[in-house]
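Chain letters run A, B, ... following the sequence lines, proteins first and then strands; every chain starts at 1.
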Amino acid sequence: MSHSPCPIFLSGEPFSSQDHKHEPLLLLLSLLMATLNSLLSRLSSYPTLHQFDQIHAHYITSGLLRSTFVANHLLKSSTFLSPDLTLVLFSQLDYPDLFSYNIAIKSLSQTSHPLKSFALYLSLLIRGFHPNEYTFCFLLDCCSNSLAHLQGRQLHAQLIKHGLNLTMFSSTSLLHTYGCCGSLHDAYQLFDEMPIRSNVSWGAIINNFVTHGELLRGLKLFTLMFRSGFSPTNATLVAILCLCAKQGELDIGRAMHGYIVASGLELNMMLGTSLIDIYSNCGLIGTAMEVFASMPVKNVASCNCLIFGLAKNGHGVKALELFEQMKQELKVRPNGVTFLGVLQACTYAGLVENGVQYFIQMSRDYGIMPSLKHYGCIVDLYGKAGKVKEAMEVIRTMPMNPDNVIWVALFSACRTHGYRELGELMSASFIKLGADDSCGYILLSDAYAIRKRFDDVICIRRMMREMDIKKVPGFSSTC
DNA sequence: TTAGGGTTAG
């Protein structure tokens with residue numbers, strides 16, 4: 001341990017190494033600090049609740065907890081366990097300092113009521129503390145997590161008041177908060193005024209535009225970032241790739257892929273999975289498979305992504321082969337999402353029996369309880385195969401209420417496989433329930449049109465107009 | 001003397 005001349009505060013009393021009459025006491029303190037350092041180092045990694053409780057108890061019995069510095073270490077380590085635990089500990093502090101307040105505010109940002117942190121902010125001001133950049137970063141996290149635009153603006157004013165508005169960390173946090181609250185103009189203005197920027201601040205502003213669907217503006221900034229001498233972080237690349245996958249921007253996705261290869265970046269889980277998503281969404285399933293094969297490490301998300309890609313590109317059997325490979329060769333444990341992909345693959349390949357077996361396997365072998373989405377897949381599996389009665393039986397026996405998606409799957413099956421009257425009856429009941437999903441109306445109107453009941457078709461279409469229900473136009477994401 | 005900004009994936 002170092003014998004720093006820095007005063008150590010125990011019970012509020014400062015001792016200095018320069019004070020000779022306290023030499024025996026200092027020796028004792030040295031021993032105490034050695035023990036303390038050893039204990040603090042045990043807290044520096046991720047403690048288990050049991051370890052935490054042991055150290056907490058030791059601090060209480062030894063009286064060490066009366067030191068705010070020691071209490072702060074305990075407070076910090078409690079954040080690895082639960083924000084509620086941190087807040088309880090904070091409430092028990094007799095003399096919290098700014099550090100303690102900051103940790104408590106940070107913990108509140110991770111709870112379901114982040115804006116309670118403003119009461120702590122007020123309290124620290126009343127106690128005469130001067131908030132620092134940490135305080136504002138954590139408070140802004142609270143605003144971002146609760147989409148509190150007004151409070152974000154109030155903090156902006158406080159930052160100006162405390163002379164911290166142009167610093168890197170607080171500006172980046174603030175522009176992120178503005179972005180989260182949809183205030184892209186404010187975010188951009190702030191970014192524009194920043195005297196110094198980092199690749200994180202570039203990433204934050206690009207992410208703001210990209211997450212709001214403004215791919216071109218994001219890309220413009222992406223180019224500008226290179227010109228300013230900054231390189232994108234993985235987070236920035238993945239944000240752009242995600243939007244490319246969503247919007248079917250194959251050329252941009254390919255250019256990003258080219259950049260990743262040229263700059264020698266490792267195709268990690270995030271980047272690899274995003275590329276698989278783009279290529280499979282754009283119909284280039286072969287390239288998606290090549291990307292998957294070139295990934296040095298695969299996890300459940302990358303496997304799931306390719307299983308879905310194969311299924312929706314009409315390679316149901318290959319998707320099931322990958323599922324088996326995932327379990328046996330890659331030793332990756334499937335999750336609930338994997339089974340959604342597997343069930344969809346069975347539906348597209350018409351493998352009803354296999355699908356039912358996988359549905360059983362999911363809970364029996366992996367302990368995954370089927371969700372509404374899994375039941376939806378089974379209804380669709382039976383429905384598309386013309387087994388309408390089995391599909392109805394699933395709906396009758398499932399432990400939760402069916403949603404619109406499940407009803408629409410059943411209506412479609414009725415229409416496709418000749419159960420027209422049943423489909424009409426269900427669509428009519430669905431509409432009577434006051435559903436605002438356009439599918440029920442469209443299916444019923446189609447059913448009437450097939451039977452040349454055009455007066456009824458007009459009636460349904462009029463109802464849709466009056467209730468302002470619009471059919472979502474079809475679109476293709478392939479290029 | 002302890003903390004920090006963006007974090008993205010079926």
* Nearest-nucleotide pick for A/E133, side chain only, options being B/dG4, B/dG10, B/dA9 -> B/dG4
* Is there a donor and acceptor pair closer than 3.5 Å between the side chain of A/D277 and the base of B/dA9? -> no
* Give a yes or no on whether the ring-centroid distance for A/F169 and A/F136 is below 6.0 angstrom. => no
* **Value in whole Å for how far the P atom of B/dA9 lies from CG of A/L237** => 13 Å
* Asked: Are A/Y101 and A/R127 close enough that a side-chain donor and a side-chain acceptor fall under 3.5 Å?
  -> yes
* Does the cation-pi check pass for A/R197 over A/F191, that is, NZ or CZ under 6.0 Å from the six-membered ring centre and within 45° of its axis? -> yes
* For DNA chain B, which residues in residues 361-380 of chain A have a heavy atom at a distance below 4.0 Å? -> none
* Which pairs count as salt bridge (charged side-chain N to carboxylate O under 4.0 Å, His left out) when at least one residue sits in residues 172-183 of chain A, sequence neighbours excluded? -> none
* Give the ring-plane orientation class for A/Y134 versus A/F138, where under 30° counts as parallel, over 60° as perpendicular and anything between as tilted. => tilted
* For A/K318, all residues meeting side chain to side chain contact (heavy atoms under 4.5 Å, CB included), sequence neighbours excluded -> A/M289, A/L310, A/H315, A/E321
* Which whole-number value in Å describes the distance from A/Y134 OH to B/dG4 C1'? -> 5 Å
* **Sorted by number, the residues of residues 206-228 of chain A with heavy-atom contact under 4.0 Å to DNA chain B** => A/N207
* Of the candidate nucleotides B/dG5, B/dG10, B/dT7, which contains the atom at the shortest distance from the side chain of A/A235? -> B/dT7
* Structure fact -> Note: A/P47 and A/S77 closest approach over all heavy atoms is CG-O, 4.0 Å
* Just how far, in rounded Å, is P of B/dA3 from CG of A/N102? -> 12 Å
* To do: Mind checking A/N132 for me? I need base, sugar-phosphate or nothing, with any heavy atom below 4.0 Å counting as a touch.
  => base
* Asked: If we require ring centres under 5.5 Å and near-parallel planes under 30°, does A/F169 stack on B/dG5?
  -> no
* To do: Would you kindly say whether A/D97 and A/S100 are connected by a side-chain donor-acceptor distance under 3.5 Å?
  => yes
* With sequence neighbours left out, what residues match A/D365 under side chain to side chain donor-acceptor pair (under 3.5 Å)? -> none
* Within the 6.0 Å centroid threshold, strictly below: A/F359 and A/F339 -> no
* Report the residues that fulfil side chain to side chain donor-acceptor pair (under 3.5 Å) with A/N102, sequence neighbours left out, ordered by chain and then residue number. => A/N132, A/T135
* Atom CG of A/L120 and atom P of B/dA3: how far apart are they, to the nearest Å? -> 20 Å
* Asked: Between the side chain of A/N207 and the main-chain N/O of A/G203, is any donor-acceptor distance below 3.5 Å?
  -> no
* **Rounded interatomic separation in angstrom, taking CZ from A/F99 and P from B/dG4** => 8 Å
* Looking at DNA chain B, which of residues 170-181 of chain A put a heavy atom within less than 4.0 Å of it? -> A/T172, A/S173, A/H176
* To do: With a 4.0 Å heavy-atom cut-off, tell me which residues in residues 146-162 of chain A come close to DNA chain B, sorted by residue number.
  => none
* Asked: Do the side chains of A/N72 and A/I103 get nearer than 4.5 Å, heavy atoms only?
  -> no
* With sequence neighbours left out, what residues match A/K327 under salt bridge (Lys or Arg N to Asp or Glu O under 4.0 Å)? -> A/E324
* **Whole-Å gap separating P (B/dG10) and CE (A/M270)** => 10 Å
* Under a 4.0 Å heavy-atom cut-off, which of residues 192-205 of chain A touch DNA chain B? -> A/S198, A/V200, A/A204
* **Pairing residues for A/S183 by the side chain to side chain donor-acceptor pair (under 3.5 Å) criterion, not counting sequence neighbours** => A/H149, A/D186
* Under 4.5 Å between any side-chain heavy atoms of A/H176 and A/L140, yes or no? -> no
* Asked: Among B/dT2, B/dG5, B/dA9, which is the nearest nucleotide to the side chain of A/M269?
  -> B/dA9
* Asked: A/V337 has a side chain; which of B/dA3, B/dG10, B/dA9 sits nearest to it?
  -> B/dG10
* Sugar-phosphate only, base, or nothing, as touched by A/N335 at under 4.0 Å among non-hydrogen atoms -> nothing
* To do: Could I get the full list of side chain to side chain contact (heavy atoms under 4.5 Å, CB included) partners for A/E329, not counting sequence neighbours?
  => A/Q325
* **Value in whole Å for how far the P atom of B/dG10 lies from CD1 of A/I278** => 11 Å
* Nearest whole angstrom, please: distance from the C1' of B/dT7 to the CG of A/L271. => 12 Å
